[in-house]
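Got a structure here, written out as structure tokens. Questions coming.
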Amino acid sequence: GLTLAVTNYRINCAGFEVPSASVFTPTTGRVTITGQPSGQPSPISLATGNNFYDLYINSSTGARLESTPIQCNGTVFCSAGRLDLNGKNLKVNRGVTVGRNGILEVDSGAFLQLASAQTLAVDSGGVLQCIGDQVTPAQVGSISSFITYQINSGATIAAEYCTFKNMNANGVQVLSGAIVDANNSFRNCTFRDGVTGTLMAPSCFLTLNNNQIITIVGANFATTLGTY
């Protein structure tokens, strides 16, 4: 097994693969994925029973999940480069942040899950790309209970054939100054399993606070919870 003697360790590597079960189980510290000299995306693979604590992506060549599920008991931060879920399941016990030069790709068959009350935040210059297909949509939701979706000013969201679920009362929030990709403007997306609203305190599946004029085609909003 791998023993980390330093409490707040830092590991920087151009890819991270643990082929043996239950040998890498940190409770603190950070792994930062950097660029591959080959120019290919840096692979991330964990055998059963392993986990990251904090996982940072700072890779000019991007990074790609190669096993499923990938468990992070801390945070995920896409600082620079593309993190491609590659059809895999990424489970995060704390927040997920997409930074100024980061791209988080939740593609066909992929499932991004956050723990209860955590936040998926996309900061200015960052991109959240949730694009699946009709047969195997992309999915974003919680491990349990409800989570916050926050697309901040200057950030971009692109979504098509994605199921967004387990949102809090504000729904998927596209804040003032944020950008919805005109070519992937929630087309054929599904919004469901949000917080139950009331007449006095209605809930939303999707909140658009920017000043774009967009066309949403084929979206499906569940009618059993919340308002829209």
Exercise for the section: Would you please name every residue forming a side chain to side chain contact (heavy atoms under 4.5 Å, CB included) with P41, sequence neighbours left out? Expected result: R64
Problem - Test item: side-chain donor near acceptor, T148 and N168, under 3.5 Å - result: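 The answer is yes; a qualifying pair exists.
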Exercise for the section: Would you check if V76 and L104 make a side-chain contact, meaning some heavy-atom pair closer than 4.5 Å? Expected result: no
Exercise for the section: Return yes if some donor-acceptor pair links the side-chain N/O of S203 with the main-chain N/O of V195 below 3.5 Å, else return no. Expected result: yes
Exercise for the section: Decide whether T207 and N170 meet the rule of one side-chain donor and one side-chain acceptor closer than 3.5 Å. Expected result: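 Distance-only check fails for T207 and N170.
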Problem - Straight-line distance of I216 CD1 to C189 SG, nearest 0.5 Å - result: 8.5 Å
Practice task
Would you sort out whether I131 and E105 count as a side chain to side chain contact (heavy atoms under 4.5 Å, CB included), showing the intermediate values?
Solution key: CA-CA 8 Å; I131 300 177; E105 180 182 356; over 6 Å; no
Problem - Where V98 and I103 come nearest, the two heavy atoms and their spacing - result: CG1-N, 4.0 Å
Problem - Heavy-atom side-chain contact between T68 and F111 under 4.5 Å - result: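 The answer is no; the side chains never approach within 4.5 Å.
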Exercise for the section: May I ask you to test the T190-K165 pair for a side-chain heavy-atom distance under 4.5 Å? Expected result: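 The answer is no; the side chains never approach within 4.5 Å.
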Exercise for the section: Taking all non-hydrogen atoms of both residues into account, name the closest pair between S153 and S176 and its distance. Expected result: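 Shortest heavy-atom separation between S153 and S176 comes out as CB-O, 3.1 Å.
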Exercise for the section: Please name the pair of heavy atoms, one in Q212 and one in A178, separated by the smallest distance, quoted to 0.1 Å. Expected result: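 For Q212 versus A178, the nearest heavy atoms are OE1-O, 3.9 Å.
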Problem - F191 and F164 aromatic ring geometry - parallel, tilted or perpendicular at 30°/60° bounds - result: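 If you compare the ring of F164 with that of F191, the planes turn out parallel.
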Exercise for the section: Could you go through the side chain to side chain contact (heavy atoms under 4.5 Å, CB included) check for L90 and C72 one step at a time? Expected result: CA-CA 8 Å; L90 175 60; C72 295; 4.1 Å; yes
Handout entry: For S185 against A182, the heavy-atom pair lying closest together
Key =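 Taking every non-hydrogen atom into account, OG-O, 3.9 Å.
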Practice task
Kindly indicate, with the supporting measurements, whether the criterion side chain to side chain contact (heavy atoms under 4.5 Å, CB included) is fulfilled by R192 and T163.
Solution key: CA-CA 8 Å; R192 63 182 180 88; T163 298; 3.8 Å; yes
Exercise for the section: To the nearest 0.5 Å, tell me how far D107 CG sits from Y161 OH. Expected result: 16.0 Å
Practice task
Taking all non-hydrogen atoms of both residues into account, name the closest pair between N166 and S142 and its distance.
Solution key: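 That would be OD1-N, 3.0 Å.
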Practice task
First locate atom CG of N73, then atom OG1 of T27, and finally report the distance between them rounded to the nearest 0.5 Å.
Solution key: 9.0 Å
Practice task
Would you kindly confirm whether L175 and V180 end up in one hydrophobic cluster when ILVMFWY residues are joined by side chain heavy atoms under 4.5 Å apart?
Solution key: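 As far as the 4.5 Å side-chain criterion goes, V180 and L175 are not connected within one cluster.
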Practice task
Could you tell me whether the side chain of Y149 and the main chain of V174 form a donor-acceptor pair under 3.5 Å?
Solution key: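 Answer holds: no.
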Practice task
Could you tell me whether a side-chain N or O of S108 sits under 3.5 Å from a main-chain N or O of T136, the two making a donor and an acceptor?
Solution key: yes
Handout entry: Residue pair N58 / N12, side-chain heavy-atom distance below 4.5 Å
Key =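 The answer is no; the side chains never approach within 4.5 Å.
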Exercise for the section: Identify whether L83 and V31 are in the same connected component of the hydrophobic contact network (ILVMFWY, side-chain heavy atoms under 4.5 Å). Expected result: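 In one cluster: yes.
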Exercise for the section: Kindly compute the distance separating CD1 (I44) from CD (E66), expressed to the nearest 0.5 Å. Expected result: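 Between I44 CD1 and E66 CD, I get 9.0 Å after rounding to 0.5 Å.
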Fill in the blank from the handout: Between the CZ atom in F16 and the CZ atom in F52, the distance rounded to the nearest 0.5 Å is 5.0 Å
Practice task
Would you mind reporting whether V23 and N50 have side-chain heavy atoms less than 4.5 Å apart?
Solution key: yes
Less than 3.5 Å apart, which donor and acceptor atoms pair up between the side chains of residues 115-124 and the rest of the protein, not counting sequence neighbours?
{"residue": "Q118", "atom": "OE1", "partner": "G95", "partner atom": "N", "Å": "3.4"}
{"residue": "D123", "atom": "OD1", "partner": "N152", "partner atom": "ND2", "Å": "3.0"}

Problem - With N86 via side chain to side chain donor-acceptor pair (under 3.5 Å) - residues at least two apart - result: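 Side chain to side chain donor-acceptor pair (under 3.5 Å) check on N86 returns nothing, list empty.
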Problem - Q173 side-chain N/O to Q150 backbone N/O, donor-acceptor pair under 3.5 Å - result: no
Exercise for the section: Using a 4.5 Å cut-off on heavy atoms from C-beta on, say whether the side chain of T34 contacts that of C13. Expected result: no
Practice task
Report yes or no: do L114 and Y56 belong to one cluster of Ile/Leu/Val/Met/Phe/Trp/Tyr joined by side chain heavy-atom distances under 4.5 Å?
Solution key: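 Looking at the clustering, Y56 is in a separate group from L114.
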Problem - Considering all heavy atoms, the nearest V106-A138 contact - result: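 Shortest heavy-atom separation between V106 and A138 comes out as O-CB, 3.3 Å.
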Handout entry: Single-linkage hydrophobic cluster, 4.5 Å side-chain cutoff, L208 and F221 together
Key =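 As far as the 4.5 Å side-chain criterion goes, F221 and L208 are connected within one cluster.
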Exercise for the section: Mind checking the OG1-CZ spacing from T32 to F77? Nearest 0.5 Å is all I need. Expected result: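 Here the interatomic distance stands at 10.0 Å.
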Practice task
Taking side chain to side chain donor-acceptor pair (under 3.5 Å) as the test, write out the residues that go with S59, two or more places apart.
Solution key: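 Per chain and number, S59 pairs via side chain to side chain donor-acceptor pair (under 3.5 Å) with T61.
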Handout entry: All pairs passing ring pair (Phe, Tyr, Trp, His ring centres under 6.0 Å) where residues 82-110 contributes a residue, at least two apart
Key =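 Ring pair (Phe, Tyr, Trp, His ring centres under 6.0 Å) check on residues 82-110 returns no pairs.
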Problem - Connected via hydrophobic side-chain network under 4.5 Å: Y53 and L65 - result: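 Shared cluster, no.
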Problem - Flag for N89-Q139: side-chain donor and acceptor within less than 3.5 Å - result: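 No, no side-chain donor-acceptor contact under 3.5 Å.
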Practice task
List in chain and number order the residues that pass side chain to side chain donor-acceptor pair (under 3.5 Å) with N51, two or more places apart in sequence or in another chain; answer none if no residue qualifies.
Solution key: none
